[in-house]
Each structure stands twice: as C-alpha cells, then as structure tokens.
Amino acid sequence: MFWPDLIGAAGVALLLGAFAANLLGMVEKESLAYPSANLVGASLATYASWLIAYMPFVVLEGVWACVSLIAVFRVMRQPKTAPSP
C-alpha cells in the first residue's frame, strides 16, 4: 500500500496547509490559491481512498473536491478590481 499512502499524504498535506494558511491570514479564502489547493488536495485524497477501497472517504473527499471546483470557477469569474491606493 505504498502509493496510496503517498498520494493520500500529499492530498491531506495540501488540505491542511491551505486550512492553516487561511487561519493564519497567509491566504484569503477568496483568492484562487485557497480553493485550488483544496481541489488538488481533495482530489488526491479521493484517489487514494479509491485505491484502498474506502468508500466513506471517497464520498467525503469527492464532495470536497466538487465544492472546491465550484469555488475555483467562482473566483475565476469574479471581475478583476483595481488595487486601492
């Protein structure tokens, strides 16, 4: 079970890193970085859960990835605003 562990660990590291960065004020949830890290992390965790056939986490992480994908699209559709002086 070497590859599923590595893939899952990478996914969880991205999820936790994004979460911690947001809580510490290093990245805003409205930025593209936050939902993108969640999307990639949750997708990797979903795949790792699929590889070990643990369906509860496939559902959990799969839904997390789908919601993150929607958030990525919403951020990308927002009009660019000029920085305030």
Inset, instruction - Check whether Leu44 and Leu51 end up in the same hydrophobic cluster, where Ile, Leu, Val, Met, Phe, Trp and Tyr are linked by side-chain heavy atoms less than 4.5 Å apart. - result: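 Hydrophobic grouping puts Leu44 with Leu51.
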Legend entry - With sequence neighbours excluded, residues passing side chain to side chain contact (heavy atoms under 4.5 Å, CB included) with Ala21: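 Ala21: side chain to side chain contact (heavy atoms under 4.5 Å, CB included) contacts with Met26, Val27.
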Inset, instruction - Would you give the length of the straight line joining atom CG of Asp5 to atom CD1 of Ile52, rounded to the nearest 0.5 angstrom? - result: 7.5 Å
Inset, instruction - Under 4.5 Å between side-chain heavy atoms, chaining through other members, with only Ile, Leu, Val, Met, Phe, Trp and Tyr counted: pull out the rest of the cluster around Val75, sorted by chain and number. - result: Leu32, Leu39, Leu69, Val72, Phe73, Met76
Inset, instruction - Please report the shortest heavy-atom distance between Ala48 and Pro4, naming the atom on each side. - result: CB-O, 3.4 Å
Legend entry - Contact summary for Pro35 and Ala71, nearest pair of heavy atoms: CB-CB, 3.7 Å
Inset, instruction - Could you note down all residue pairs passing side chain to side chain donor-acceptor pair (under 3.5 Å) where residues 50-71 supplies at least one of them, sequence neighbours left out? - result: Asn38-Trp64
Inset, instruction - Could you list all the side chain to side chain donor-acceptor pair (under 3.5 Å) pairs where at least one residue sits in residues 11-36, not counting sequence neighbours? - result: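 Not a single pair qualifies under side chain to side chain donor-acceptor pair (under 3.5 Å).
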Legend entry - Val58, Leu60, Val59, Val63 screened by side-chain contact (heavy atoms from CB on, under 4.5 Å) with Thr46, the one that passes: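 Result: among Val58, Leu60, Val59, Val63, Val58 is the only option passing the side-chain contact (heavy atoms from CB on, under 4.5 Å) with Thr46.
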